[in-house]
2 protein chains.
Amino acid sequence: MNSVAARPRIKDVAEYAGVSPKTVSNVINNFEHVSERTRAAVQEAIDALGYRVNIAGRQLRQGRTGMITLAVPELDVAYFAELAKHVMDEAAARGRTVLLHSTEAVRERELAALHGFDAQFSDGVILSPLALNPRDLATRDRRLPVVLLGERPAGGSTDHVGIDNVRAAREATEHLLSRGRRRIAVVGGAVRGRQGTDRLRTDGYREALGAAGVPFDADLVIPVGAYHWRDGARAATWLVERGLCPDALLCLNDHLALGALRALHEHGRSVPGDLDVVGFDDIEASRFSVPSLTTVAPDKREIARAAVSLLLERIDAPDGAALRDHVAGHRIIVRESTGG
Amino acid sequence: MNSVAARPRIKDVAEYAGVSPKTVSNVINNFEHVSERTRAAVQEAIDALGYRVNIAGRQLRQGRTGMITLAVPELDVAYFAELAKHVMDEAAARGRTVLLHSTEAVRERELAALHGFDAQFSDGVILSPLALNPRDLATRDRRLPVVLLGERPAGGSTDHVGIDNVRAAREATEHLLSRGRRRIAVVGGAVRGRQGTDRLRTDGYREALGAAGVPFDADLVIPVGAYHWRDGARAATWLVERGLCPDALLCLNDHLALGALRALHEHGRSVPGDLDVVGFDDIEASRFSVPSLTTVAPDKREIARAAVSLLLERIDAPDGAALRDHVAGHRIIVRESTGG
DNA sequence: CATGGCGATTACATCGATGTAAATATGTCG
DNA sequence: CGACATATTTACATCGATGTAATCGCCATG
């Protein structure tokens with residue numbers, strides 16, 4: 001009663017079907033030179049015994065698992081959860097399974113992902129780095145195929161997929177400028193020394209200001225600890241209480257923007273009456289907030305598709321093609337928070 | 001230049017250190033009878049070669065990977081993303097790694113999780129089922145330790161962790177009743193035949209109504225397709241346009257509630273002026289919505305901790321203890337949407 | 001100095017699947 | 001009908017790590 005039948009091995013299937021283990025393997029792997037008779041017999045044995053391949057054994061022999069890892073900073077940032085869904089869809093369509101991994105934006109854990117430490121069972125990694133610096137990237141283990149998402153790697157030793165962050169931020173800023181806004185704060189903006197996506201977006205913001213002849217005011221760049229509601233709320237509160245009187249907020253993700261909306265509401269500021277607010281990412285929440293949120297929508301499906309494609313190609317030809325950099329599309333979705 | 005050094009094996013380390021492979025293994029696994037000298041020498045070799053154990057090899061030999069799988073319906077439902085974070089924390093504290101898996105609430109994929117199909121590399125599975133029926137659970141593979149989250153399994157062949165859904169819903173309903181609400185709609189409520197968490201919560205709702213002598217109105221039970229903003233918005237719109245005139249919405253998760261808030265706003269209904277709204281899960285968004293959302297907050301940390309503990313115990317003693325059912329705590333957090 | 005005891009180390013087999021190369025079956029053609 | 005090509009199947013070794021059991025070395029004891 002208590003004793004559980006051991007998991008059947010390929011050998012058991014072979015005996016049951018009266019063939020050799022290798023023949024069973026051939027059936028499983030759809031080797032072409034297997035007669036219909038044997039194939040049927042083996043399949044029957046597999047079904048009868050409830051056999052499933054042992055991936056450990058297979059990997060040991062083949063060095064492949066058919067799985068890829070997606071490592072993102074935080075799953076409770078909706079953008080990454082939504083992106084993960086697309087990556088899983090795309091991988092499934094290509095016959096792969098995705099192992100999802102959250103690094104919590106901790107450098108060590110991002111490094112671990114790069115080195116395949118937690119990801120040993122996977123053939124390659126799609127990594128969205130936040131805390132990694134270029135030096136870290138340079139020291140990565142070349143044996144593990146990697147595709148980076150988000151910020152473009154400085155060293156440039158991996159394939160990369162992202163949107164044109166500078167342009168996206170410029171366009172978003174232009175949208176605000178076109179509505180007559182002049183004191184535009186950047187929530188989550190990059191201060192000196194920062195190198196990530198925030199830097200690129202802040203640069204785009206400055207480009208737009210410059211082109212419009214609006215002076216740049218460093219006080220309006222508000223760095224944040226993380227990219228959550230609470231950080232956006234804190235930043236907005238800071239702006240209001242300091243009396244910095246911005247007439248628009250360019251928030252570097254939607255969570256920040258939504259948190260800011262709340263704080264502005266608490267302080268009696270009306271959006272878009274008193275200020276405009278814009279976010280990045282187009283998460284589902286932004287369509288349903290009050291007011292709904294104008295945002296820069298990256299083409300998540302395209303990003304996912306490109307990332308999976310690049311990774312699979314890299315897996316199939318490790319020393320193959322030159323490095324590639326896929327720039328995915330984006331568009332600005334105007335909603336109530338900027339009068340849309 | 002192009003050729004990459006092969007990944008070092010335990011044998012390479014052994015040769016480098018001048019010992020046998022088994023001794024290296026002993027060092028890696030902290031076997032006690034290894035002299036300090038050898039241990040140091042081996043460690044040096046490991047560092048010098050950059051050796052990392054090959055988990056496939058280890059699993060093949062030991063049958064263990066030190067990884068556990070967490071399979072949730074949808075990661076873009078914030079509750080699951082937040083829960084996942086807690087599970088990962090807890091697992092890390094216990095020296096395990098979590099493989100995250102999203103089933104998209106598809107029965108086949110939940111079954112696959114139960115059967116360890118995608119999860120072969122893990123020693124056990126924490127599964128939050130949505131689409132599985134009791135029969136599916138009965139046919140599960142007993143070799144893979146499983147802990148179920150959420151609804152309690154009917155058959156009862158696995159350990160289980162959840163909150164007291166009936167009581168939680170009753171309390172939430174009582175809160176609304178105490179504010180004088182009488183026409184309370186249940187968004188996401190269970191219609192005949194449903195067996196999941198929605199059923200339990202709907203039952204709790206009816207209990208509260210009954211105790212207060214408020215008649216049950218089946219028209220106020222609004223089933224939804226999924227538990228997203230859009231579904232909540234749709235349900236609220238339906239209620240308003242049908243003229244069903246509820247004076248409160250008990251939404252079975254926060255996403256539904258937040259979507260409903262938006263729809264009510266669009267229809268010019270004030271919350272909590274015209275209606276109250278309550279959700280379940282206490283996701284971060286609910287603290288920052290306008291109005292902020294009253295919600296039933298399950299103790300996610302406790303749930304994660306209990307789930308990991310039960311699973312690890314089950315892994316260590318597969319035929320061991322009797323089935324266990326951990327009921328985690330919950331509390332109602334009153335916010336603006338019910339006048340808090 | 002021989003012997004026993006114990007800690008440290010090693011040889012070997014094994015986990016499950018599959019690549020290689022060889023063996024066997026099947027079929028074709030003159 | 002025989003020779004040869006082709007299609008199927010098989011024996012064996014191997015991937016990397018580790019459990020088992022045996023061996024080695026050292027020290028204490030009689």
Side-chain angles (χ1 to χ4, degrees), chain A residues 4-43 45-46 49-67 116-117 120-123 143-144, chain B residues 4-43 45-46 49-67 116-117 119-123 141 143-144:
Chain A
V4 207
R7 177 174 180 150
R9 299 151 300 167
I10 215 169
K11 195 178 144 204
D12 303 318
V13 177
E15 282 169 10
Y16 187 104
V19 298
S20 77
K22 175 62 183 172
T23 296
V24 175
S25 168
N26 285 338
V27 170
I28 295 169
N29 293 283
N30 282 313
F31 180 62
E32 57 179 336
H33 297 305
V34 178
S35 67
E36 265 323 307
R37 268 168 48 91
T38 8
R39 190 180 297 276
V42 168
Q43 191 55 54
I46 289 177
L49 300 177
Y51 172 79
R52 287 273 180 52
V53 306
N54 177 321
I55 306 189
R58 171 180 284 174
Q59 182 188 19
L60 192 54
R61 183 67 243 225
Q62 295 189 322
R64 292 272 181 92
T65 59
M67 311 201 177
F117 181 70
Q120 272 204 42
F121 281 138
S122 72
D123 301 334
R143 275 167 261 135
L144 182 72
Chain B
V4 209
R7 174 174 184 153
R9 299 150 302 164
I10 216 169
K11 193 177 147 204
D12 303 316
V13 177
E15 282 170 10
Y16 188 102
V19 297
S20 77
K22 175 62 184 173
T23 297
V24 176
S25 169
N26 286 338
V27 171
I28 295 169
N29 292 285
N30 283 313
F31 180 61
E32 57 180 336
H33 297 305
V34 179
S35 69
E36 267 320 309
R37 269 168 47 92
T38 359
R39 190 180 296 276
V42 169
Q43 190 56 54
I46 289 177
L49 300 178
Y51 171 79
R52 289 269 183 54
V53 305
N54 177 320
I55 306 189
R58 171 178 285 175
Q59 182 187 20
L60 192 53
R61 185 63 240 227
Q62 295 189 322
R64 292 275 180 91
T65 60
M67 310 197 179
F117 181 70
Q120 273 203 41
F121 283 137
S122 70
D123 301 333
D141 185 340
R143 275 167 261 137
L144 183 72

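Computed from a predicted model, the values in this text were never measured in an experiment. A, B, ... follow the sequence lines: proteins, then strands. Residue 1 opens every chain.
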Walk me through whether B:Arg39 and B:Asn30 qualify under side-chain contact (heavy atoms from CB on, under 4.5 Å). CA-CA 9 Å; B:Arg39 190 180 296 276; B:Asn30 283 313; 3.8 Å; yes
If only atom types and distance count, is the side chain of A:Asn29 paired as donor or acceptor with the main-chain N or O of A:Phe31 below 3.5 Å? no
Base versus backbone protein contacts along nucleotides 13-19 of chain C [heavy-atom cut-off under 4.0 Å; B, S, -]: BBBBBBB
Does some side-chain heavy atom of [Y] sit less than 4.5 Å from a side-chain heavy atom of [X]?
X: A:Ile28; Y: A:Arg58; answer: yes
X: A:Gln59; Y: B:Gln59; answer: no
X: B:Val42; Y: B:Arg37; answer: no

Please tabulate, one pair per line, all N/O donor-acceptor pairs under 3.5 Å involving side-chain atoms of residues 10-18 of chain A, not counting sequence neighbours.
| unit_1 | atom_1 | unit_2 | atom_2 | d |
| --- | --- | --- | --- | --- |
| A:Asp12 | OD1 | A:Arg9 | NH2 | 3.0 |
| A:Asp12 | OD2 | A:Arg9 | N | 2.7 |
| A:Asp12 | OD2 | A:Arg9 | NE | 3.3 |

Answer yes or no: does a side-chain N or O of [X] lie under 4.0 Å from OP1 or OP2 of [N]?
X: A:Ser20; N: D:dA11; answer: no
X: A:Thr38; N: D:dT9; answer: yes
X: A:Ser35; N: D:dA7; answer: no
X: A:Thr23; N: D:dT10; answer: yes

Apply side-chain contact (heavy atoms from CB on, under 4.5 Å) to residues A:Val27 and A:Thr38 and explain how you reach the verdict. CA-CA 9 Å; A:Val27 170; A:Thr38 8; 5.8 Å; no
Under the side chain to side chain contact (heavy atoms under 4.5 Å, CB included) test against A:Thr23, which residue among A:Ser20, A:Ser25, A:Pro21 passes? A:Ser20
Taking the axis from the first five pairs and the axis from the last five, what angle separates them in the helix from C:dC1-D:dG30 to C:dG30-D:dC1, rounded to 10 degrees? 50°
Quickly work out the A:His33 NE2 to C:dA22 P distance and round it to whole Å. 18 Å
